[in-house]
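Worksheet for the structure shown next.
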Amino acid sequence: MSYAVDRRGFLRAAGAGAAALGLGSALASCGSDQQSGGTATLTWWDYFTLDNFQPAMTALVKDIEAHVPGVRIERRTFPFADLDRQITLGAVSGDLPDIAIVDNVAMNSLGGSGLLADLTDRIEEWGQADQYYEGPWAGCQVAGKSLGIPNNSNCLALYCNTAMLRTADVQPPTTWDELAAAAHRLTSGDRFGLALSAIRTEEGVFQFLPFLWQAGGDLDTFAGYGATALSFLDDLVAKGSLSEQCVGWTQQDVNTRFIHQRAALQINGPWQLPTLKNADLEWEVVALPSDRTSATCLGGENWVVMASSEHLDKAWAVLEYTQRPSVLVPYLVALGNLPARKDLASAGTWASDPALRLFLSQLPVARPRQYGPHYADASRAVAEAEQAVLTGAAAPSAAAKSAAVKIDKALERR
Amino acid sequence: MRPSRPTPLSLSARRRRAGYLFSVPGLVFLGLFLAYPLLYNVWTSVHDVGLRELLGGAPRFTGLANYRTTVSDPDFWHAVRLTMVFTLGSLLFQFVIGFALALLFARPFPLNGLLRSLLLVAWLLPAVVSGTLFRWMLDGESGVYNALLRRAGLGGLSHDWLTDPSTSLAGVVLANVWVGVPFNMLLLLVGLHTIDPELHEAAAIDGAGVWQRFRWITLPLMRPVSVPVLLLGLVYTFKVFDIIFVMTGGGPVDATSVLSLYVYEIFFKFFRFGEGAAAGLLLLLVPLLAGALYVRRLRREGETA
């Protein structure tokens, strides 16, 4: 109970808040004033808050201001988990950015809300839609409209500690059976064979969905295929190859375990590559093992324009400019991201770096999580089912069945 | 005879006017930051508000539908039960430990002041910090708690508190108790100082033992302090969010999804604002009731004083 209200502190905070609001509206009005003079100030929100992202983001903003006529950019960043909420609050207060870079899974909630500008006509005229990988592009299409363009893409793959595999005489697994066998043989002492994130947030679901898809199912067939995927993971925990504690691990935690050699295999994304390259560790990346089919989950961010923007044309001009290969390649390389465009597959570092190449080669089987406005409810049901099974609170078939009821309800809603 | 100058306001009238003037800023503040959001919340709770409606579509009036949805949601009742356990558990331990520490610090001993102020640090830390600390300490693999047990040869007792659904609630209660103890101690200590030591001396002379003096003198005389401490504790604990959010995020499964997290998720994960507002108002009921009791008690004390 930490809420002893310090009234003075609260007043100060409230005052600062009010001042910030005033400032915000002053800036907004200043933006529209400038439009008459030919230059528009576009506000831009993203969640790239990490220090090592800043040089690339600042360079991109400068580049845009120098080359897109009549545009000034005012960029604001929010912590990852705050951006969606901030956009929601912005919708209430009428204080929304012109441009935003949002998580591709946010298209579910934002897509049907009318918040995002319909870019369909502009994109058609632009004519570059077919340059993008199918998954990332599909993730921007909601109800027949194009509501954004992919900024970058990522997906999951399997990292292997090569030294451990060699010592145990294990080949990188390519199927579920091989994965289970490898994880079992690689487990010893306080080292687990496999590490993955099963945390009760979208992160955990991002890591679980590939298993569901690989089993041949999807959210609308969760009762059966969900049970298959859940029992596979349940067996790993029962055999001690996967720590039950993964229900509390973020993907960052998983990578930390892998680096500290507490896990021989880990499921993770390309954003861990910079850290791993600096780690004292011998590793390689392979595609996620498959079962009935190969699948991985698509991550990444999309560019969107808010429907409330008074500068739709200029905002679109900015988006279009960022997609020029001469702008996009150095930007993505600097961020350590993968392109969502097929025509860039042989450019940039991802053309020569084997790990990036592997991730890029998985994009064609990477699926977007595109399930409509109530995906969050379905996602929660999946996360809870996985947690219930891995902590031994429920059997896979029972957990899958009760999750399926919630998922169906969520997907049918409106 | 008085000269016929305009009669100055009487002192009490002037005081009253000044009183009104002084309360204007407070009233404006309360209206702006308390009454308006609260009324807006009530309005939202009887409309069907989702992301789309927020943006200008006129939200449909749905009467009590949101409340019906909420009370027919098993997850809501699950959250209510967890909140009860969390609140009562926290209150009990905070109060008992706080009382014990207050009794300890009521007597002079070397470093008394220093230790007391160190204890207060727990209360001053932002909840996010203490939550994170406890998450690390209770971690099954790398936590200091399990490491100590193993070192003491009690490795069998080591446990993954926060990732086991049957113990994670106990884990967050533990952290919350740690945060709340200093607050209880401080107020109870002040209460202890108001007890006339002569009462104890007299009782001792009459042959009363330590326990008897505590039971028949300290406890009854501490009632006027204890009740508000518990009531305030109830109000604060019932709506605790940050510590649990940081430590478990409501999990594993739904073992720590107390009401405040339930409401948060409906709002900011599922974007069902109408339902969230309804659940939020239901969440408000208990602290409101406790607050009313407290205010009534204060007033009664004011009358008798």
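As a basis for the values below, the full set of heavy atoms in this structure was taken, side chains included, without hydrogen atoms, waters or symmetry mates. Order of the sequence lines fixes the chain letters, A, B, ..., with proteins taken first and strands second; residue numbering starts at 1 for each chain.
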Top contributor to chain B interface from [options] [non-hydrogen pairs under 4.5 Å]:
| options | result |
| --- | --- |
| Arg380(A), Arg200(A), Gln387(A) | Arg200(A) |
| Gln245(A), Arg257(A), Glu244(A) | Gln245(A) |
| Thr88(A), Leu110(A), Leu390(A) | Thr88(A) |
| Ala393(A), Ala376(A), Ser113(A) | Ser113(A) |
| Gly114(A), Ser109(A), Gly248(A) | Ser109(A) |

So what's closer than 4.5 Å to chain A heavy atoms on [X]: side chain, backbone, both or neither?
| X | value |
| --- | --- |
| Ser257(B) | side chain |
| Phe86(B) | neither |
| Arg272(B) | side chain |
| Phe238(B) | neither |

On a heavy-atom basis, the closest approach of Thr237(B) and Leu91(B) is OG1-CD2, 4.1 Å
For the residue pair [Y] / [X], report whether a side-chain donor-acceptor contact shorter than 3.5 Å exists.
| X | Y | answer |
| --- | --- | --- |
| Gln86(A) | Tyr47(A) | no |
| Ser197(A) | Gln207(A) | no |
| Thr44(B) | Asn41(B) | no |

For Leu234(B), does its backbone N or O pair with a side-chain atom of Thr87(B) as donor and acceptor, under 3.5 Å?
no
Bottom line for Ser308(A): the part with an atom under 4.5 Å from chain B's heavy atoms is neither
message = Looking at Lys406(A) and Asp377(A), is any side-chain nitrogen of the basic one under 4.0 Å from a carboxylate oxygen of the acidic one?
response = no
task: Would you mind reporting whether Leu138(B) and Leu174(B) have side-chain heavy atoms less than 4.5 Å apart?
output: yes
